[in-house]
Every structure is written in structure tokens, then in C-alpha cells.
Amino acid sequence: MKTTTLLLITLLAATVARAQDRLVIQADQGDVTISKHIYGHFSEHLGHCIYGGYWVGEDSPIPNTRGIRNDVVQALKAISVPNLRWPGGCFADEYHWMDGIGDRASRPKMVNTHWGGVVEDNSFGTHEFLDLCEQIGCEPYICGNVGSGSVEEMSKWVEYITFDGESPMANLRRANGREKPWKVRFWGVGNENWGCGGEMSADFYADQYRRYAVYCRNYGDNRLYKIAGGPNSADYNWTETLMREAGGRMQGLSLHYYTVPKTWGDKGSATRFDEAEYFTTMERTWVMEELITRHSTIMDRHDPRKRVALVPDEWGAWYNVEPGTNPGFLFQQNTLRDALLAGVNLNIFNNHADRVRMANIAQTINVLQSVIFTEGEKMMLTPTYWVYRLYKVHHDATLLPVALTAAPYRLDGREIAAVSVSASRDAAGKVHLSLVNLDPKNARVIETELRGINAKKVTGETLTAANLTDHNTFTSPDVVAAKPFNGARLNKGALSITLPPKSIVVLEIE
Ligand code: AHR
């Protein structure tokens with residue numbers, strides 16, 4: 001085919017795609033709040049998430065406050081982390097909290113059997129975690145041990161942390177230096193109890209859940225928000241059983257789903273992938289939409305008033321570890337692809353905010369889809385971090401109804417949605433729009449109708465890079481970082497948005 005003909009066909013195709021991309025935003029409607037807790041994080045005793053990530057110890061030359069890195073706390077404050085899930089993950093179901101209190105030098109050591117078989121010296125325990133949450137200004141989300149623990153152990157942990165009166169556990173806490181109890185709302189009753197958390201059947205776990213939950217008491221005005229260990233991806237029977245047998249005794253049901261581009265044996269590289277692998281990654285990340293819709297449908301049958309939240313408290317991309325690193329440490333790079341993936345998932349959660357009221361990306365520092373990397377005294381922000389910075393505008397804002405018609409992203413005869421969007425109105429009346437263009441080659445012009453708002457001004461920021469594989473390093477930390485966006489035009493109340501290829505755009509409309 002002659003080059004000119006090819007060019008004409010490409011231009012025509014682009015015009016057709018443009019003509020189809022249309023968005024309507026109902027700016028004066030909406031009755032659901034996007035809980036800021038959708039923007040939660042997850043940190044496990046795994047690799048260098050806790051040790052080296054947060055915890056360096058009081059004697060470290062790395063600037064710290066009571067052993068916790070100041071640079072990391074500052075970075076997490078800047079994205080207003082609302083809650084932090086800890087101590088696992090699989091680690092939670094073999095963690096015995098009493099090993100992590102009292103004089104640090106005398107704390108017993110254990111083997112972290114799930115994650116690299118390394119020695120866990122328990123120097124980061126309950127007091128250190130709750131101090132970390134206070135420094136960040138976020139709510140703790142503690143996951144208790146059902147798999148290898150006991151009802152008594154979990155019950156005493158709640159008492160130790162939250163009871164203000166005279167009791168063996170409250171007195172032990174005081175002896176360990178903390179007079180006043182902490183406030184802890186989010187409480188996970190086990191983790192992946194269908195797998196590493198005890199390989200239980202749904203019926204068996206439902207009974208266990210009820211038994212453990214009874215003894216997790218509300219002391220004083222501390223009210224626990226109990227989150228049951230939920231399904232693995234598309235295990236709808238788990239959700240059905242849990243909701244039927246224990247739905248009335250929980251405030252949340254977790255959901256775990258990781259985006260794996262290839263297979264669990266060879267997950268694919270974090271930085272070396274072609275467009276076909278990128279396409280599959282995004283195709284699999286869109287599965288989150290279906291999972292949430294279908295689990296919610298089951299929950300709706302048992303809980304039509306949506307009292308119980310669906311909590312995807314482990315989600316994100318999971319690739320092969322970086323060559324030469326400990327396979328048990330799950331360290332992977334983070335590229336523009338990860339940022340786009342995060343943007344899509346967070347838009348999905350926003351759009352399901354009536355049922356999804358909390359979520360936690362795995363995992364904050366140096367593990368899986370991290371927002372921060374550390375190496376000795378150095379710290380850097382990943383592309384995923386920037387998504388959390390940009391999407392902060394949605395925290396506790398009112399979800400706005402949107403209707404999007406956009407041409408799909410096609411590759412090799414397959415197609416997925418190319419554009420992802422969610423919109424909200426904040427307390428000051430400003431409208432925010434987060435858009436993701438997954439198409440790596442074509443810009444998208446989105447003709448947007450703004451209903452119910454007399455828009456006068458639009459500003460924005462964007463996150464993109466030259467290549468999908470681009471990422472930040474300690475020597476080049478700003479390859480993928482948010483920049484001002486000038487591709488939105490207001491004309492007589494209508495908004496035309498030109499989304500660059502493979503980009504995220506967040507707009508503020510006043
Ligand atoms: O996030 C890594 C692991 O993935 C968690 O420990 C576990 O819950 C899940 O399988």
C-alpha cells in the first residue's frame with residue numbers, strides 16, 4: 001500500500017474515533033460519597049516494605065522519628081494516605097502480636113516463612129505501627145491472625161490497643177509506655193483464609209469468622225469496623241456463603257485481585273514488555289470492573305441497603321521480581337503502565353463507591369506495585385505515587401453520574417475500553433474529572449457536555465511519558481511525574497479534552 005493511502009486511512013480512522021468519544025457529566029447530581037478510604041495502602045512484613053522502607057531504627061543515620069523514616073512519612077502525608085493495612089497479607093496469619101511488644105532487644109525472633117525465610121526480629125510491632133499511623137495521620141487497619149492464632153490472642157490484641165480501664169492487657173500496654181489507648185476502627189479477621197490463611201472452606205471460615213468476631217470487643221467509644229476475609233478474585237461462592245452465614249456480623253468483606261500479565265509461573269517483566277503484553281495487562285485489569293459488579297450483585301441480595309462494604313484490600317500489578325533480587329521479596333519496577341493501571345482501578349472503585357468504601361493497593365514501599373522505593377538513605381516516588389497525588393481530589397467528594405461513549409482500543413482483533421473516567425464534586429463545589437487514555441498510539445478528543453454547572457474555568461494536570469516502559473530511578477527520579485495540562489478547552493459551557501496517548505489527566509472545573 002502506498003504511504004499516502006495508508007496515511008489517509010489512518011487519518012480517517014482517527015477522525016472516526018474522535019467523533020465517537022463523547023462524555024456527559026451530571027455535575028449537579030450524585031448522592032454517593034467516594035470514601036477517601038478507597039485510597040488506602042497495604043504494608044506487610046515482606047522484603048523491604050517495613051524494614052528499610054519505614055523502619056530504620058532510632059540509631060540510624062537516616063533521618064527518623066522514633067525509628068521511622070521522615071522522608072517516607074512526608075511523602076505519604078503528601079498523598080493523604082487515609083488508612084494503612086498491616087501486618088499482612090499471608091504474614092498476618094502467622095504473626096503473634098505479643099512477640100512485637102516490650103523491650104525491642106528482648107523480643108523473640110521468628111522466621112518469615114512466606115517471604116524469603118528471613119529472620120523477623122519483631123523490632124517493628126504494634127507500638128511502632130500505631131506510631132507510624134499517627135505520624136502519617138492515617139487510620140490503622142490491623143489484620144488479625146485466624147490461620148495460626150487463637151480467638152484469645154486476637155481478643156487480647158483488641159483489648160491491649162483499645163481498652164482504657166483496668167485490665168491485664170491495658171495494664172501491659174501502660175507498662176510498655178502507652179498510657180492512653182489508641183483508636184482503631186478497621187479490623188481484619190484473617191487474610192486469604194481460602195489460601196495462606198488456613199486453606200479453609202467458605203463454610204468453615206464463615207463459622208470461624210463469627211467465632212473470632214464475637215470476642216473482638218468494642219471498648220469505650222472505640223467501634224470496630226470488622227472486615228471478613230473475602231473471596232479470591234472470581235470465587236463467587238465464597239461471597240455467597242460469607243454473606244449468607246455471617247453478613248450480618250461484618251462491616252466489610254475483602255476482595256483480592258492482582259493483575260498478572262502472563263501466568264503465575266512467569267508473570268512477565270515489570271519493564272520489558274511489548275504492546276501485546278501491555279494490552280493483556282489492561283484487559284486483565286479491567287476484570288476488576290466485572291469482579292466488583294458480580295460480587296456486589298451477590299451482596300445486594302443479602303444486603304440490599306449496602307450496609308456491608310466490599311473492600312478490595314489487595315490489588316495491583318504483580319510481575320516477576322527484578323533480576324538478581326530475592327524472589328521472596330517481591331520487588332518489581334513501576335512504569336507508566338502501572339500508573340495507567342492504577343488510574344483505571346481507582347476510577348472503577350470511585351464509580352462503585354456505593355459498595356466499595358475502602359481499598360488498599362499492594363504494597364506501599366519496595367514490594368509489588370509500590371508508590372515509594374527506598375535504598376539506604378535514598379527515596380524516590382514511582383509513577384503510581386503520582387496517580388495517588390492526582391486523584392486526591394476525589395477523597396470524600398460526591399460521585400457524579402457520567403456517561404461515556406468512546407471507541408475501544410483494538411489490537412490483533414481484540415478490544416478493550418480505551419478510556420476510563422470518574423467524576424466528583426468536592427465540598428467547595430469544584431468538579432474533578434479523572435481520565436485515563438489506555439491507547440498507546442492515539443490521542444483521544446473527548447467532547448464533554450457539562451450539565452448542571454456554569455463552567456468558567458478548567459485547569460488540570462497530566463501524567464504520561466515517551467514510552468509505556470518509562471520509569472523513575474534514584475538517578476532519574478522525574479521521568480514519570482505529573483505536569484500541568486493544557487489540553488482542555490471550554491467553549492460556551494462545553495468542554496473539549498484532548499487526552500494524549502497513554503496518559504492520565506485530572507481536571508478541575510469551576
Ligand atoms: O501481597 C502479597 C501477598 O499476596 C499477600 O501476602 C497475600 O495476602 C496475597 O496472596
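Numbers here are sequence positions counted from 1. When a ligand or atom number is given, it counts from 1 through the structure's own listing order.
Taking 4.5 Å as the limit, some side-chain heavy atom of V287 sits within range of a side-chain heavy atom of Y257. The side-chain heavy atoms of R337 and L340, taken from C-beta on, include no pair separated by under 4.5 Å.
Between W157 and W187, the two ring planes are perpendicular [angle over 60°; tilted spans 30° to 60°].
Taking a heavy-atom cut-off of under 4.0 Å, ligand 1 is surrounded by F42, E44, G89, C90, W115, N191, E192, Y258, E314, W318, Q363, L368.
T464 and T462 form no side-chain donor-acceptor contact under 3.5 Å, judged by distance and modelled atom types alone.
Pairing of C90 with C196 by a disulfide is supported, the SG atoms lying closer than 2.5 Å.
For the pair Y209 (side chain) and R249 (backbone), a donor-acceptor distance under 3.5 Å is present.
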